[in-house]
Participant: 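Before anything else, here's the structure in question.
We name chains A, B, ... by the order of the sequence lines, and we start the count at 1 in each one.
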Amino acid sequence: MDEQPRLMHSHGVGMARHPGMAQNMQDGTGGTDGDGRKQDIGDILQQIMTITDQSLDEAQARKHALNCHRMKPALFNVLCDIKEKTVLSIRGTQEDDAPDAQLMRLDNMLLAEGVSGPEKGGGSAAAAAAAAAAGGGVGQDNSTEHSDYRAKLTQIRGIYHTELEKYEQACNEFTTHVMNLLREQSRTRPISPKEIERMVGIIHRKFSSIQMQLKQSTCEAVMILRSRFLDARRKRRNFNKQATEILNEYFYSHLSNPYPSEEAKEELGKKCSITVSQVHYAATVSNWFGNKRIRYKKNIGKFQEEANMYAAKTAVSATNVSAHGSQANSPSTPNSYGTKSVLLMLVWLHGIPN
DNA sequence: CCCCATGATTCATG
DNA sequence: CATGAATCATGGGG
């Protein structure tokens, strides 16, 4: 069957004669062997027309006979020509890429969510938001919610990729199958390579629409996952009493300079066992201190009582509070307000003094 | 219900 | 990038 293209090609030059031939067939004034040829072609056409009425074996034999007929290539080309002019022109090239925009959107989203992107890089915005310091930072035992999210996302990615691959493979298989079929059939039916090509295009479009469905549902899954995990992060959960206790203790015992270092934040977070809805201890602690500073500054009077309470507390509990020494300028007794710490406090309360 | 304390987010700044 | 400031959104208490 693969001799077909070669045959057609070698005879392709003769295509220009077709109209003449057709004319000859009609008026029958073709010369000495005109009648014979006409008869010949009539026979062939008749055989083709009735080929479906025959038994399978008969048809097979007839097919072979036809295929070996000397007129076959020319006739094939003529029929292809006719078919092209009638059938194919009807559904011309209407291959518009209308849903391309949506496909792009889906692709972008999948990429952004880290589903279709680099394998485990986590370079996506969302994954980064979820994973916080996953890339370079310390391992940080994150909240269970977070690892849950990651696990689910990985699962989705796995499914997505296997499905995609499956579709890809099925598409290829189906395409080769159809191509083989059409090539085989082109021995007896006027199917030009161009038409096969077109058919392949149709198949591919069909499969990519299936792919788009897959992408769509994957996107949906990711969206649901997001709303279940990431957006829950936005919900505020109040710390328990102990946590605020610890944080306040630190805050008021470092009132002169309440800017915990990164390590201090980490440690505070751990001590408070902040597992509530946040990825990173330090981030939550930073939030807390940020809010605390600004709210304290805004209305010192309101916090006075609290401040006194914690001052008393630390004064009793520790004689040497600055054990951690994270604050280089912190005096040994933070709440005694030495001149140094007063200056420091003025700085963070009111900015750099003149 | 409303109110407000409060954790989180956003945006500007330097 | 850390902080300040404003703002959002929620949970708990009246």
Side-chain angles (χ1 to χ4, degrees), chain A residues 112-113 122-150 223-310 324-330 334 341 343-354:
Chain A
E113 295 297 334
S124 74
V138 195
Q140 104 284 11
D141 45 343
N142 35 26
S143 68
T144 51
E145 291 181 21
H146 176 209
S147 52
D148 256 13
Y149 176 83
R150 279 250 293 260
M223 292 302 272
I224 290 170
L225 192 64
R226 271 175 69 89
S227 65
R228 286 241 322 263
F229 286 88
L230 281 188
D231 295 350
R233 169 189 60 166
R234 197 184 177 97
K235 293 194 174 173
R236 182 173 63 84
R237 303 295 293 247
N238 288 342
F239 297 153
N240 59 36
K241 194 140 190 185
Q242 196 198 349
T244 42
E245 196 103 334
I246 292 168
L247 291 169
N248 272 318
E249 211 165 287
Y250 188 97
F251 181 80
Y252 287 110
S253 65
H254 296 76
L255 196 52
S256 59
N257 195 28
Y259 294 82
S261 66
E262 209 57 34
E263 302 85 55
K265 285 181 201 168
E266 194 79 27
E267 193 173 331
L268 280 169
K270 267 184 204 150
K271 236 196 288 188
C272 300
S273 51
I274 296 174
T275 55
V276 225
S277 73
Q278 189 38 286
V279 189
H280 213 169
Y281 292 144
T284 303
V285 174
S286 286
N287 284 338
W288 191 89
F289 272 89
N291 285 320
K292 189 73 183 179
R293 275 193 302 268
I294 201 160
R295 282 162 184 162
Y296 177 86
K297 179 179 355 185
K298 219 178 223 169
N299 189 353
I300 296 180
K302 198 169 72 179
F303 290 91
Q304 195 56 56
E305 194 184 333
E306 195 176 71
N308 290 337
M309 196 184 95
Y310 282 102
H324 294 124
S326 52
Q327 308 298 317
N329 292 321
S330 189
S341 54
L343 277 179
L344 271 171
M345 187 149 71
L346 287 177
V347 169
W348 84 259
L349 278 177
H350 307 293
I352 305 290
N354 307 337

Participant: Tell me: CZ of Phe289(A) to P of dG4(C), nearest whole Å?
Facilitator: 12 Å

Participant: Excluding sequence neighbours, so at least two apart, what forms salt bridge (charged side-chain N to carboxylate O under 4.0 Å, His left out) with Glu245(A)?
Facilitator: Lys313(A)

Participant: Do Trp348(A) side-chain atoms and Leu255(A) backbone N/O form a donor-acceptor pair below 3.5 Å?
Facilitator: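 Looks like yes, one N/O pair under 3.5 Å.
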
Participant: Between Asn287(A) (CG) and dA2(C) (C1'), how many Å, whole number?
Facilitator: 12 Å

Participant: Rounded to whole Å, how long is the line connecting atom CZ of Phe251(A) with atom C1' of dT6(B)?
Facilitator: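 Atom CZ in Phe251(A) sits about 14 Å away from atom C1' in dT6(B).
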
Participant: Side chain of Thr244(A), heavy atoms from C-beta onward: which of dG7(B), dA8(B), dA5(C) has the nearest atom to it?
Facilitator: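 When the side chain of Thr244(A) is considered, dG7(B) is the closest of dG7(B), dA8(B), dA5(C).
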
Participant: Check whether any side-chain nitrogen or oxygen of Asn238(A) sits under 4.0 Å from OP1 or OP2 of dT6(B), and answer yes or no.
Facilitator: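 No.
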
Participant: Distance check needed: dG12(C) P versus Phe239(A) CZ, whole Å only.
Facilitator: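 In whole Å, dG12(C) P lies 14 Å from Phe239(A) CZ.
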
Participant: Could you check how far CG of Asn291(A) sits from C1' of dG7(B), rounded to whole Å?
Facilitator: 6 Å

Participant: Name all pairs fulfilling the salt bridge (charged side-chain N to carboxylate O under 4.0 Å, His left out) condition that reach into residues 287-310 of chain A, sequence neighbours left out, sorted by first residue then second.
Facilitator: Lys292(A)-Glu306(A)

Participant: State whether Lys298(A) places a side-chain N or O below 4.0 Å from either non-bridging phosphate oxygen (OP1 or OP2) of dG4(C).
Facilitator: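 So the side chain of Lys298(A) is outside the cut-off, no N or O lying under 4.0 Å from OP1 or OP2 of dG4(C).
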
Participant: Is there a side-chain contact between His254(A) and Pro260(A) in this structure, where contact means two heavy atoms from C-beta onward sitting under 4.5 Å apart?
Facilitator: no

Participant: Ignoring backbone atoms, test whether Tyr296(A) places a side-chain nitrogen or oxygen under 4.0 Å from the OP1 or OP2 oxygen of dT6(B).
Facilitator: no

Participant: Take the protein atom CG of Asn299(A) and the nucleotide atom P of dC4(B), then report the distance between them rounded to whole Å.
Facilitator: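 Computing the Asn299(A):CG to dC4(B):P distance gives 14 Å.
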
Participant: How would you label the contact of Arg293(A) with the nucleic acid (heavy atoms, under 4.0 Å): base, sugar-phosphate, or nothing?
Facilitator: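 Contact class for Arg293(A): sugar-phosphate only.
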
Participant: How long is the line joining NZ of Lys265(A) and P of dA2(C), in whole Å?
Facilitator: 7 Å

Participant: Out of dG7(B), dA5(B), dA5(C), which nucleotide sits closest to the side chain of Lys297(A)?
Facilitator: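 The listed nucleotide nearest to Lys297(A)'s side chain is dA5(C).
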
Participant: Mark yes or no for a side-chain to base donor-acceptor pair under 3.5 Å between Arg295(A) and dG4(C), with no hydrogen or angle criteria applied.
Facilitator: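 Answer is no: no donor-acceptor pair is held.
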
Participant: Quick one: CZ on Phe303(A) to OH on Tyr252(A), what's the gap to the nearest 0.5 Å?
Facilitator: 5.5 Å

Participant: In whole Å, what is the span from the CD atom of Glu306(A) to the P atom of dA5(B)?
Facilitator: 12 Å

